[in-house]
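The next block holds one structure in the form of structure tokens; read it before the comments.
These figures come from a predicted structure and were not determined experimentally.
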Amino acid sequence: MTGVLVLLLSAASGWLGVAASGTCRGLRPRWAAVLLEATFGVAAGLGSVSALFFALLWAGLDARPAAWSALFLPATASALLFFLRKPVPSSDLPTPPDWRWSRLCAAAFVLALAFFLAGFASVAEANPQGDWDAWAIWNLRARYLAAPAAWPNAVSPDLTRTHPHYPLLWSGVIGHAWAAGSDSGHPAVPLATAVIVSTAAPLLLAAALAVLHSPAAGWLAALNLVSAAAWRRQSQALYADVPLAFFLLAALAAAALAAWTKNEGLLFFVFCALAVAWAARRRAAAWLAGALPVALLAAAFKLCLAPPARLFNPAFLADLNRAFQVLKGLAAGAADLANWAAHPLLLSALLAAVIGFRRTLDSAWLLAPPLALLARSAVVLSGTPNELIWQSNSIRERLLVQVLPALLFAYCLLLRQPPPDAAPAAEPSRPRRRK
């Protein structure tokens with residue numbers, strides 16, 4: 001199917017661009033560096049193509065030429081950058097300590113991922129359109145973006161039940177593939193995008209922790225994520241919350257892409273920008289410059305196109321009973337993230353009990369953006385003009401899934417590194433027999 005091929009070409013273009021930038025060159029272990037390039041490439045490729053596609057539609061191009069231009073321009077730039085790249089000197093970065101059980105942890109993750117994908121295929125066969133928000137919000141607006149001269153309908157205030165004020169990155173990813181291909185509206189495209197990002201997120205988590213902490217921590221964190229029932233449910237629903245979680249996890253490289261996914265992503269960009277500026281000081285300038293184009297597009301969308309939406313009544317914040325109901329709902333959502341034997345909180349507590357925390361918590365600042373986003377979501381939920389219990393029950397799991405990968409990432413960096421395996425003792429030499 002052409003649309004799925006367009007998705008793969010977009011991701012490949014992003015991978016080529018990340019590889020050409022040299023961002024991951026010299027990182028160790030080498031397999032983790034390659035996996036980082038691939039997963040960051042998925043985020044950069046899908047996000048940049050979607051954002052450029054919408055910008056060209058807004059500028060007046062029709063859907064099909066805008067789609068092929070949005071695919072061709074980043075791919076050409078990535079190819080030129082790749083062939084003109086300069087050699088990078090050999091790195092003296094230390095190799096993270098490995099653990100003798102790392103391969104067993106990796107095998108357990110691969111097995112869990114296989115079960116995850118098998119379950120995804122079974123659910124997709126029975127329900128290829130996804131749940132309500134998938135076909136009534138994201139895919140509906142994607143159809144408008146893919147249709148000739150119909151993109152303004154995606155932000156029409158008449159779509160009162162489909163949130164026309166939401167940013168359009170995820171609808172743009174799907175609409176771009178439909179517009180470029182010859183199978184507009186085919187459910188294989190949103191299914192493929194959901195599989196790509198729900199698989200890329202745990203792989204990115206494994207690779208990033210393997211570089212920054214240890215391979216064992218990476219595989220265990222990825223196993224923790226992919227085993228969570230909430231991650232499986234939200235991925236199979238084809239909602240935009242799992243892509244948002246993926247972009248939040250890749251925040252330091254793709255925070256601006258998260259800003260263009262949902263309203264929560266825009267605020268996360270602000271939180272992350274503040275955290276990066278505090279942690280990196282002058283070195284944050286390059287990160288902010290890279291984030292600026294898509295952040296400006298998101299701001300222009302909210303200011304110039306998005307219809308007004310009444311999502312928050314500050315007067316409700318004075319009602320402490322509402323705040324209690326929100327906290328109660330989030331606690332119930334946290335308990336339902338997975339069965340107790342595979343619950344992320346239980347597995348994280350076991351890791352801390354076995355490994356322990358580092359004496360210096362230099363990475364604690366990474367907890368600030370996802371926790372701030374979760375706190376913001378709780379405040380907005382407390383002030384919702386909708387019926388509170390219904391609203392809380394319908395979105396509490398999604399709010400937690402949005403920040404789960406980023407919290408697992410930050411949490412694992414606070415743990416002690418496993419001690420390096422001791423070299424095997426040399427066998428005592430035996431006297432040679434005389435013949």
Side-chain angles (χ1 to χ4, degrees), residues 3-53 67-86 88 113 169-170 172-174 176-177 180 189 192-212 218 222 225 235 240 242-261 265 272 286-287 289-291 293-294 405-406 409:
V4 176
L5 178 59
V6 169
L7 286 174
L8 296 177
L9 289 175
S10 300
S13 170
W15 186 352
L16 188 64
V18 174
S21 70
T23 303
C24 301
R25 256 178 284 172
L27 299 180
R28 299 175 184 175
R30 180 56 187 158
W31 65 264
V34 173
L35 195 54
L36 272 180
E37 287 182 346
T39 50
F40 277 132
V42 170
L46 296 182
S48 61
V49 165
S50 172
L52 184 56
F53 172 58
W68 282 108
S69 299
L71 180 63
F72 176 77
L73 293 175
T76 302
S78 296
L80 288 175
L81 185 62
F82 184 82
F83 287 110
L84 296 176
R85 72 191 189 282
K86 297 179 180 180
V88 176
L113 184 62
L169 185 140
W170 198 236
V173 168
I174 299 168
H176 170 264
V189 169
T193 53
V195 170
I196 289 171
V197 296
S198 61
T199 303
L203 291 175
L204 173 59
L205 184 60
L209 285 173
V211 169
L212 297 172
L225 176 62
S235 299
V242 168
L244 177 62
F246 173 50
F247 287 127
L248 300 188
L249 177 61
L252 297 184
L257 301 180
W260 184 230
T261 308
C272 201
W287 182 90
V294 180
F409 173 68

Ignoring hydrogens, what is the shortest heavy-atom contact between [X] and [Y]? Give both atom names and the distance.
| X | Y | result |
| --- | --- | --- |
| W31 | A210 | CH2-CB, 3.7 Å |
| A194 | S235 | CB-O, 3.9 Å |
| L46 | V173 | O-CG2, 3.7 Å |
| L249 | P405 | CD1-O, 3.6 Å |
| A20 | S78 | CB-O, 4.2 Å |
| A177 | V6 | CA-CG1, 4.0 Å |

Side chains of [X] and [Y]: does their closest heavy-atom pair fall under 4.5 Å?
| X | Y | answer |
| --- | --- | --- |
| L244 | L169 | no |
| L52 | P74 | yes |
| L16 | F83 | no |
| F409 | L209 | yes |
| L71 | W68 | yes |

[X] [atom1] to [Y] [atom2] distance, which is reported to the nearest 0.5 Å:
| X | Y | atom1 | atom2 | result |
| --- | --- | --- | --- | --- |
| T199 | I196 | OG1 | CD1 | 8.5 Å |
| L203 | F246 | CG | CZ | 9.0 Å |
| L225 | L113 | CG | CG | 10.5 Å |

Item to check | T193 side chain to V189 backbone, donor-acceptor under 3.5 Å | outcome: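 Answer holds: yes.
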Checklist entry - Given the rule in the side chain to side chain contact (heavy atoms under 4.5 Å, CB included) test, do V242 and W170 qualify, once you have shown the distances and angles that lead to the verdict? => result CA-CA 10 Å; V242 168; W170 198 236; over 6 Å; no
